Amino acid sequence: YKFGDVKVESALRDLKPELLEMMVPMKAGEWYDAKAVEDTVERLSESAGAMGYANADIRPQFKRDKSTLTMAITFDVAQSPRVYVEDVKINGNTVTRDKVIRREMRLTEGDVFNGVAVKRSTDRIKSLGYFQEKFEIEQGQGSSPDRIVLTSNVEEGNTGELQLSAGFSSLEKFIFQGSIRKRNFRGLGQELRASLSYSTYSKSAEIGFTEPYLFDKNIAISGDIFR
């Protein structure tokens, strides 16, 4: 079979069929591909989620023509309520303060649900490097059908680094170098670092500090003192 006519019908006011049809990759005359149909349903669901419809009901309607060996498909986007964020929960953070995680969230209580913003929030929290790699923001039912609860279950990771090295040189004799770095210092997302290098003719020391959110605003400040 090959694809016949492929259309999208939408009962959602904010999602026009002509715009959704631009996201449909298959064209009439191409060989039928069930995986492409599944991927299209997922893509349309993501688009609906970006507009606040977390529970959008998208059903492909098939119409097979045995005489022409074609399969026409209409993706039916049914009416559904717009969903709002009821609560944002943070669990599992034993060291990291809640605000360090919340300030990376692109959604907060009362906002219209946005699937793209949830993915963006997930990526931002992952990029902190404080938690497990396979971190995901879970979506749960709220107190009513048009409410959703976002839950971040984090697992604290290792945020400290210690490096030591030693060697010998005919000119400088014994050489010692060491450095320590603590990310997420005091659980506030700050970074504290220090290094020391020592030999007969060369001695140096350095200490540095970075605050990524000065006064809880998206402004970073960093400084180093060295001798």
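Please read these numbers as outputs of a predicted model, since none were measured by experiment.
- Between the side chains of T159 and K182, a donor-acceptor pair is found at a separation under 3.5 Å.
- For the pair F174 and Y198, the minimum side-chain heavy-atom distance is 4.5 Å or more.
- Side-chain N or O atoms of D123 include none that pairs as donor or acceptor with a backbone N or O of R120 at under 3.5 Å.
- Between the side chains of E104 and S121, no donor-acceptor pair is found at a separation under 3.5 Å.
- Side chains of I125 and F131 form a contact here, defined as non-hydrogen atoms less than 4.5 Å apart.
- Between the side chain of S10 and the main chain of L12, a donor-acceptor pair closer than 3.5 Å is present.
- At least one donor-acceptor pair closer than 3.5 Å links the side chain of N158 to the backbone N or O of G160.
- Closest approach of P212 and G189 over heavy atoms only: CG-O, 3.3 Å.
- Atoms CD1 and CD, on I225 and E206 in that order, are 10.0 Å from each other to the nearest 0.5 Å.
- Under the side-chain hydrogen bond (donor to acceptor under 3.5 Å, both in side chains) criterion, T70 pairs with T68, sequence neighbours left out.
- Remark: the backbone N or O of R43 is paired with a side-chain donor or acceptor of S47 at under 3.5 angstrom.
- Counting heavy atoms from C-beta on, the side chains of E161 and R183 come closer than 4.5 Å.
- The two residues L164 and G178 have their closest heavy-atom pair at CD2-CA, 3.9 Å.
- Annotation for L107 and N114: closest pair CD1-O, 3.8 Å, computed over non-hydrogen atoms.
- Side-chain polar atoms of S222 and T210 form a donor-acceptor pair below 3.5 angstrom.
- With I73 as reference, V37 is the one residue of V24, V37, V8 to meet the side chain to side chain contact (heavy atoms under 4.5 Å, CB included) rule.
- Between K35 and D39 there is a salt bridge, since a side-chain N of the basic residue sits under 4.0 Å from a carboxylate O of the acidic one.
- Taken to the nearest 0.5 Å, the CD1 atom of I180 stands 8.0 Å off from the CG atom of L192.
- There is no path of hydrophobic side-chain contacts, each under 4.5 Å, that joins L188 to I221.
- No continuous path of ILVMFWY side-chain contacts below 4.5 Å connects L19 to Y53, so the two sit in separate hydrophobic clusters.
- For the pair K126 and E136, the salt-bridge criterion is met [side-chain N within less than 4.0 Å of a carboxylate O].
- Distance alone, capped at 3.5 Å, is enough to place a donor-acceptor pair between the R82 side chain and the M51 backbone.
- Under a 4.0 Å N-O distance rule, the pair E191/R181 qualifies as a salt bridge.
- The distance from the CZ atom of R103 to the CG atom of L128 is 8.0 Å, given to the nearest 0.5 Å.
- Proximity of a side-chain donor or acceptor of Q61 to a complementary backbone N or O of T74 within less than 3.5 Å is not detected.
- Connection of I58 to F62 is established within a shared hydrophobic cluster, with ILVMFWY side chains joined at heavy-atom distances below 4.5 Å, either directly or through further cluster members.
- For the pair R193 and D224, the salt-bridge criterion is met [side-chain N within less than 4.0 Å of a carboxylate O].
- Using a 4.5 Å heavy-atom cutoff, the side chains of T40 and M23 are not in contact.
- Among all heavy-atom pairs drawn from A56 and S80, the shortest one is CA-OG, 3.8 Å.
- At a threshold of 4.0 Å, the pair R102-E109 counts as salt-bridged, since one of the basic side-chain nitrogens sits closer than that to a carboxylate oxygen.
- By the side-chain contact (heavy atoms from CB on, under 4.5 Å) test, E86 is found to be paired with S143, R147, V149, residues two or more places apart in sequence or in another chain being considered.
- There is a side-chain donor-acceptor pair under 3.5 Å between S67 and D65.
- Between Y32 and F3, a ring centre-to-centre spacing shorter than 6.0 Å is recorded.
- With respect to the salt-bridge test (charged N to carboxylate O, under 4.0 angstrom), the residues K99 and D216 qualify.
- Using a 4.5 Å cut-off between side-chain heavy atoms of Ile, Leu, Val, Met, Phe, Trp and Tyr, with links allowed through other members, V88 and V154 fall into the same hydrophobic cluster.
- A heavy-atom distance below 4.5 Å is found between the side chains of F113 and L150.
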Check your understanding: How far apart are the C-alpha atoms of S144 and D146, what are their side-chain angles, what is the distance that settles it, and do they pass the side-chain hydrogen bond (donor to acceptor under 3.5 Å, both in side chains) test?
Key -> CA-CA 5 Å; S144 61; D146 64 341; 2.6 Å; yes
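- At least one side-chain heavy atom of N91 sits less than 4.5 Å from a side-chain heavy atom of T151.
- When atom types are taken as modelled, the side chain of E30 and the backbone of K27 share a donor-acceptor pair closer than 3.5 angstrom.
- Side-chain contact of T96 with N184: a donor-acceptor pair under 3.5 Å is present, judged by distance alone.
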Exercise. Go through the steps to decide whether E172 and S199 satisfy the test side-chain hydrogen bond (donor to acceptor under 3.5 Å, both in side chains), and finish with yes or no.
Key: CA-CA 6 Å; E172 297 189 276; S199 69; 2.8 Å; yes
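- Side-chain contact between I137 and M105 is present, with heavy atoms from C-beta onward closer than 4.5 Å.
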